[in-house]
Amino acid sequence: MVAQSHFRAGRPAPEIVDLAEEIGAGLIVMASRGLGGIRRALMGRVSSSVVRHAHCPVLVVRGEKDGEPVFSAKRILLATDGSGEAALAAQAAVDLANKTNSDIHVVHVWRLDYGDPSFVVAGPEYMQQVQENLEQEARKLLDAEVLRVKAAGGSVAQIHLRTGKPDQEIVDLAEEIGTGLILMGSRGLGGIRRVLMGSVSDSVVRHAHCPVLVVRKEESKEEVRPEEAGLV
């Protein structure tokens, strides 16, 4: 049942975001062409822009390769970085999994930045120790996420620890395990700060083969001073 329809003129992404804030939407649902490779990246500009600017969660839907409906794969991939927004995503994953009888897979991606100046003079033993420490912290984060899912009333079918670029690893893993939905958190910052945030979720939306739900705390419009946004 449609409560109300809206006709707007202008650039699609800003109009969708503005209307969502005007009517107090709790979720934006939109389609993105399910094309492969480079075409997915080029065609997802509107949806990725909405993800970056929206005040509320955004579900970007595209069909599976065989045209099956959303969630038909019965597998949800929850991507976590241990943040508060990731906690919201975990609750959403449990709610969806329970309603659709889907399995939850949890992934965390960590990377060792060898471009850091501290590695220039570091020996191999030091670098190995740093890598081991980071991997240990990543595993602790994954274990904490499993407990969080259980506390929310769900269960985790499998955990995945990956190394590399988070967006690429999430998209690759989703295809490898036949995910029907990728679910992840995004920091709910307002105005200019939302634009400036490095956006793993934006990249995942543009490249994923399946629907992506980006969860953030709902917020109202806010004024952001240029110095707060890092513009001056």
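In this chain, residues are counted from 1 in sequence order.
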Joint cluster assignment, Val215 & Leu141, ILVMFWY side-chain distance < 4.5 Å: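 In one cluster: no.
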Would you say Val46 ends up clustered with Val205 if hydrophobic residues are merged whenever their side chains have heavy atoms under 4.5 Å apart, either directly or through other cluster members? yes
[atom2] on [Y] to [atom1] on [X], rounded to 0.5 Å:
| X | Y | atom1 | atom2 | value |
| --- | --- | --- | --- | --- |
| Ile182 | Ser201 | CD1 | OG | 11.5 Å |
| Ile177 | Leu77 | CD1 | CG | 5.0 Å |
| Lys140 | Leu142 | NZ | CG | 13.0 Å |
| Leu183 | Leu88 | CG | CG | 10.5 Å |
| Glu135 | Gln131 | CD | CD | 7.0 Å |
| Glu145 | Leu78 | CD | CG | 5.0 Å |

If you look at every heavy atom in [X] and [Y], which pair is closest and at what distance?
| X | Y | value |
| --- | --- | --- |
| Ala152 | Val94 | O-CG1, 3.3 Å |
| Gly185 | Ala89 | N-CB, 3.7 Å |
| Gly180 | Cys210 | O-CB, 4.0 Å |
| Val200 | Pro166 | CG1-CB, 4.1 Å |
| Ala157 | Asp103 | CB-CB, 3.9 Å |
| Ala208 | Val212 | CB-CG2, 3.7 Å |

Between [Y] and [X], is there a side-chain heavy-atom distance shorter than 4.5 Å?
| X | Y | value |
| --- | --- | --- |
| Val107 | Arg162 | yes |
| Asp167 | His207 | no |
| Val29 | Leu27 | yes |

Please list all pairs passing the salt bridge (Lys or Arg N to Asp or Glu O under 4.0 Å) test where one or both residues lie in residues 4-16, with sequence neighbours left out. Arg8-Glu15, Arg8-Glu22
Expected output: side-chain [X] to main-chain [Y] donor-acceptor under 3.5 Å:
| X | Y | answer |
| --- | --- | --- |
| Arg148 | Ala90 | no |
| His55 | Ala25 | yes |
| His108 | Thr80 | yes |
| Lys165 | Val109 | no |

When you check the side-chain N and O atoms of Glu137 and Asn133, is any donor under 3.5 Å from an acceptor?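 Result is no, nothing qualifies.
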Flag yes if more than 12 heavy atoms outside Glu176 fall under 6.0 Å of its CD atom; otherwise flag no. yes
Under the ring pair (Phe, Tyr, Trp, His ring centres under 6.0 Å) definition, can you give me all pairs with a residue in [range], not counting sequence neighbours?
| range | answer |
| --- | --- |
| residues 74-102 | none |
| residues 148-185 | His105-His160 |
| residues 81-102 | none |

Going by the side-chain contact (heavy atoms from CB on, under 4.5 Å) test, name the single residue among Val61, Leu96, Val60 that passes it with Leu213. Leu96
Pair Ile104-Val106, side-chain contact (heavy atoms from CB on, under 4.5 Å): steps then yes or no: CA-CA 6 Å; Ile104 298 177; Val106 179; 4.1 Å; yes
Could I get the full list of side chain to side chain donor-acceptor pair (under 3.5 Å) partners for Gln128, not counting sequence neighbours? Glu132
Could you list the cluster mates of Leu19? Members are the ILVMFWY residues connected by side-chain heavy atoms closer than 4.5 Å, either directly or through other members.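 Result for Leu19 is Ile23.
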